[in-house]
Peer 1: 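Take a look at this one; I'll ask things after.
In each ligand, atom 1 is the first atom listed, and ligand 1 is the first ligand listed. Residues: numbered from 1 along the sequence shown.
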Amino acid sequence: MSDTQSPEDKKPAPQIDLERLSLVAIATHNMALILDASGFIQWVNPSFEEHTGHQLEDVAGARPRDILYGPTTDPETVRRIDCKFHRAEQFEEDILLFTRSGAPFWVHVYCVPTGAEQGVKPGFIVIMNNISDRKQGERGLRIAASVFDRSHEAIIITDHNNCIVDVNPAFSRITGYSRSDVLGLNPSILSSGRHSQAYYRAMWQSIEKTDHWRGEIWNRRKNGEEFIELQSISRIHLDEPGSYYHVASFTDITALKNHAKELDRVANYDELTGLPNRQQLEDRLRRARAQADLHEQNLAVCYLDLDGFKVINDSFGETAGNQMLCTLAGRLAKALRSGDTVARLGGDEFGLILQGDNNNAVYDRILSIINEPLDPGTGTGPISLTASLGITRYPADNSDAEGLIRHADQAMYSAKEKGRNLLHFFDPELNEHRQQRREQLTEITRALENQEFELYFQPQVRIAGCKVVGFEALIRWNHPHRGLLYPDAFLPTLANSHLEVPLGQWVLKEAIHQMNLWQTAGEDLSVSINISAQQLMDRSFTGFLESYLHSHPDVKPSQITLEVLESTALDDIRLAGNVLARCQELGFQIALDDFGTGFASLTYMRTLPVDQVKIDKSFVSNMLDDGNDRAIVESVIFLGQRFAHPIVAEGVETMEHIRALHQLGCDYIQGYGIARPMPASKISGWLNEWRKEKARKNTQELPHAGKAGVAGVANASEAYRTANDNDAGPAL
Ligand code: C2E
Ligand code: CA
Ligand code: CA
């Protein structure tokens, strides 16, 4: 078009075929309506039919408001439109309409009145575009904007240069920076300087790799105050390749953290001294233990308890006491190397973890720190305290954290027992031993309840006449897993325990019960019963004997010999003498067992009321080869004769023994050479065999050298080789 053209030169409008022009109205995607001058529909195009679901023939003659408006159509817009129609004015509006089936949709309405001016009948042309998608988008944006504005989380949006393009009000609230303060700046203006370069590098690496990062960051408010935030950053990619922005949102978790810290303090630290408490000590010990394993190092765990602190508290008052505890806590903490721990375990007790190897000087120093003068602040001048220190060392003591603390505690008690201001080391081996002993004692208790103990009986024979004079009752344990156990497997454990007396009483009862049974069966057998020193010295001993005999009137006490171990030092020999004398009064026989093995054999023989002496089998076994042992046996027999005490030789295994003993003047023998100990059920069978054999040999003679004279023991040594406790028939 040229500027020089005049209006008169305007080309005439091209002639348009009206038919084809009307096709535009039919083909367009816009909705088109033709209304008459009163606003009633005369025609709608197919797009209208498609959008609204209303067909032309149904809506012709209706007003648009009757078929298109719905409950949420804005009445204000409706009012404006009505007004325009009324005045026959052109208008444009956005309005929410409803389809025939009730579905809402937004349209932009453009309405022009038509009439004579255009050379047509008066009325209106209405064009409507469906703008639902746009409205939806606008709505989303409005929601997003309100989220941005109203969120309690601070939100920062930065561009690809990480310059701030927007922040929300929460950001300003939390950081103190207004929007205009920070627009265009890098968020690093918030940096507290607490984090290393590496920390931020890792953050950006994560964003590059995953478009995301989340973590805690220490930042600084505008007023300089530091705060910790939980932040998440997302990288948002735009449609154009390579262009993106970042959205970071964060909450201020300082209060939360402080609360957690406070909880941690209450849970892990002692209120008075501020030192770690027991729980914290255990935690640290667990870690220290793992570290020690890793680096193959040692650890020491100490338990320190002030001596007599109660008195201090009582005399100076609790406040002064607390003050002193705080002072000591401070001194101990100061004395430690880094990596070591001192904790307050309660009251006046402290726990320490010391890394590496520590010599005694270290422990002495800990005690001397406590000794340093301390002012109770009551005007009385400084005082000096002492403590007891228990120490256990890992990994020599390979217990868990709790166990180590417990062991240090035990060691501390041992230190206290020794006196004041002392230390004591926990001994893992001793502890192991004690532990096993405790377990075995528990097992023995169970065994007593389950009747797992049994008495075996071993015959005692008078050499002259080969007469069986009695049996020694010997305890056995039919262990459910370990089989038959001999006394040396469990009596040492029992020694001096609370079970020694109950087991001894069981033996007494069982032996007397057995004698009763034999008696009813017509056998009048004597029984020797072993009595331990503790049992003998137990106050209830003679009372128990008396009452038990009382309930078994058929058993004569004279048939019972109480064997008292000579080798066990009887602590109070006078008391022992009294008890034994009382037993003799009751009619019991007393034998001094294992004679010659103790330190005070002669004293015992002279002082104690004794009816019989048993020479220990250790002397008898060796008497044939060892001149000294033979001399001892000889002297004991001689002494016995002088004191008029019959002598029983134990451990008699062979004919040679029997002959030698007989020659020396020994009266009675007991040993595998006669028979092994056997269960009660085997006794009468064995006795019958013994008597039969004796009758068959008809030998009342005493054995002489080279001549096997004693019935039943002729081939004793052979019997010894083949016999065993479980099958203890007569040694023939
Ligand atoms: P002890 O009182 O010296 O009992 C004799 C021990 O010598 C028994 O051992 C017996 O089996 C064993 N013996 C007998 N003849 C021979 C032999 O010819 N050669 C050898 N080498 N040994 C022989 P056992 O039954 O193992 O008992 C061991 C110890 O246990 C007893 O020694 C006694 O001190 C104690 N004991 C056994 N039963 C009881 C009991 O009921 N109460 C108490 N307090 N102690 C008991
Ligand atoms: Ca004995
Ligand atoms: Ca013995």
Side-chain angles (χ1 to χ4, degrees), residues 444 447-448 452-461 470-478 484-497 499-514 526-538 541 560-568 570 589-598 610 612-624 647-658 661 668-680 713 716-726 728 731:
I444 291 173
L448 262 172
E452 289 170 19
F453 291 105
E454 184 180 357
L455 287 185
Y456 273 40
F457 294 89
Q458 187 177 34
Q460 298 174 328
V461 170
F471 292 85
E472 178 174 4
L474 295 159
I475 193 163
R476 299 289 180 266
W477 182 357
N478 294 305
L484 185 77
L485 298 184
Y486 291 81
D488 57 355
F490 55 93
L491 288 190
T493 306
L494 213 67
N496 298 317
S497 77
L499 288 178
E500 199 173 356
V501 171
L503 189 81
Q505 291 184 344
W506 178 87
V507 171
L508 273 168
K509 274 187 187 177
E510 185 63 19
I512 293 174
H513 172 70
Q514 188 55 52
S526 298
V527 170
S528 294
I529 301 169
N530 292 287
I531 306 295
S532 77
Q534 199 201 353
Q535 193 186 358
L536 186 74
M537 299 309 225
D538 186 66
F541 181 65
I560 299 176
T561 302
L562 303 176
E563 294 194 3
V564 181
L565 275 189
E566 187 269 340
S567 54
T568 312
L570 292 170
Q589 298 283 305
I590 306 296
L592 254 192
D593 204 357
D594 289 3
F595 190 81
T597 55
V610 164
Q612 193 183 99
V613 171
K614 296 186 81 173
I615 315 178
D616 189 62
K617 61 176 176 291
S618 58
F619 306 117
V620 177
S621 320
N622 298 332
M623 63 180 283
L624 300 178
I647 303 292
V648 183
E650 312 178 311
V652 176
E653 294 179 358
T654 67
M655 269 313 297
E656 287 73 41
H657 282 110
I658 297 172
L661 285 164
Y668 301 95
I669 51 172
Q670 176 186 346
Y672 295 169
I674 310 296
R676 292 205 160 212
M678 62 193 101
V713 290
S717 51
E718 194 186 324
Y720 169 61
R721 279 197 298 276
T722 52
N724 63 60
D725 270 8
N726 289 323

Peer 1: If you look at E563, which of its N/O/S atoms is nearest to the Ca ion (ligand 2)?
Peer 2: OE1

Peer 1: Nearest N/O/S atom of D593 with respect to the Ca ion (ligand 2), by atom name, please.
Peer 2: OD2

Peer 1: Which bit of R676 is near ligand 1, meaning a heavy atom under 4.0 Å away: side chain, backbone, both or neither?
Peer 2: neither

Peer 1: Measuring from atom CG of L661 to atom CD1 of I647, what distance do you get when rounded to the nearest 0.5 angstrom?
Peer 2: 10.5 Å

Peer 1: For atom 15 (N) of ligand 1, which candidate among Q458, Q670, E650, H657 holds the nearest heavy atom?
Peer 2: Q458

Peer 1: Measure D593 to ligand 1 on non-hydrogen atoms and call it side chain, backbone, both or neither using the 4.0 Å cut-off.
Peer 2: side chain

Peer 1: Measuring from atom CG of L536 to atom CG of L565, what distance do you get when rounded to the nearest 0.5 angstrom?
Peer 2: 10.5 Å

Peer 1: State, yes or no, whether a side-chain contact exists between L562 and F541 at a heavy-atom distance under 4.5 Å.
Peer 2: yes

Peer 1: Answer yes or no for D488: is there a heavy-atom contact with ligand 1 below 4.0 Å?
Peer 2: no

Peer 1: What atoms of ligand 1 come within less than 4.0 Å of a heavy atom belonging to G671?
Peer 2: 15 (N), 18 (O)

Peer 1: F490 vs F453 aromatic rings, parallel, tilted or perpendicular, using cut-offs 30° and 60°?
Peer 2: tilted

Peer 1: According to the interplanar angle, ranging from 0 to 90°, do the rings of F471 and F457 count as parallel (below 30°), tilted (30 to 60°) or perpendicular (above 60°)?
Peer 2: perpendicular

Peer 1: State which residues pass ring pair (Phe, Tyr, Trp, His ring centres under 6.0 Å) with F619; sequence neighbours excluded, sorted by chain then number.
Peer 2: none

Peer 1: Say whether E500 and ligand 1 are in contact under the criterion: heavy-atom distance to a ligand atom below 4.0 Å.
Peer 2: no

Peer 1: Please indicate whether any nitrogen or oxygen in E472 is less than 3.5 Å from any nitrogen or oxygen in ligand 1.
Peer 2: yes

Peer 1: Give the C-alpha distance, both sets of side-chain angles, the deciding distance and a yes or no for side chain to side chain donor-acceptor pair (under 3.5 Å) between Q612 and Q589.
Peer 2: CA-CA 8 Å; Q612 193 183 99; Q589 298 283 305; 5.3 Å; no

Peer 1: Any idea which atoms of ligand 1 are less than 4.0 Å away from a heavy-atom of K617?
Peer 2: 6 (C), 7 (O), 20 (C), 22 (N), 23 (C)

Peer 1: Contact between I590 and T561 at the side-chain level, heavy atoms closer than 4.5 Å - yes or no?
Peer 2: no

Peer 1: Taking heavy atoms and a distance under 4.0 Å, where does L474 meet ligand 1: side chain, backbone, both or neither?
Peer 2: both

Peer 1: Could you list the atoms of ligand 1 found under 4.0 angstrom from a heavy atom of L491?
Peer 2: 30 (O), 35 (C), 36 (N), 45 (N), 46 (C)

Peer 1: Using distance alone, determine whether Y672 and ligand 1 share an N or O pair under 3.5 Å.
Peer 2: yes

Peer 1: Give a rough value, rounded to 10 degrees, for the angle at the Ca ion (ligand 2) between atoms OD1 of N530 and OE2 of E472.
Peer 2: 90°

Peer 1: For residues L503 and I475, determine if any side-chain heavy atom of one lies less than 4.5 Å from a side-chain heavy atom of the other.
Peer 2: yes

Peer 1: Quick check on the Ca ion (ligand 2): does D594 put an N/O/S atom closer than 3.0 Å to it?
Peer 2: no

Peer 1: Is there side-chain contact between E650 and D593, with at least one heavy-atom pair below 4.5 Å?
Peer 2: yes

Peer 1: With atoms numbered from 1 as shown, which atoms in ligand 1 lie under 4.0 angstrom from a non-hydrogen atom of V652?
Peer 2: 18 (O)

Peer 1: Tell me, please, which residues at least two apart from S526 pass side-chain hydrogen bond (donor to acceptor under 3.5 Å, both in side chains).
Peer 2: none

Peer 1: Within ligand 1, which atoms have a heavy atom of E653 less than 4.0 Å away?
Peer 2: 17 (C), 18 (O), 19 (N), 20 (C), 21 (N)

Peer 1: Of the choices I475, N530, I674, which has the non-hydrogen atom that lies closest to atom 33 (C) of ligand 1?
Peer 2: N530

Peer 1: Between CD of Q534 and CG of L494, what distance do you get to the nearest 0.5 Å?
Peer 2: 8.5 Å

Peer 1: Side chain, backbone, both or neither: which part of D594 has a heavy atom under 4.0 Å from ligand 1?
Peer 2: side chain

Peer 1: Non-hydrogen atoms of P677 versus ligand 1: any pair closer than 4.0 Å?
Peer 2: yes

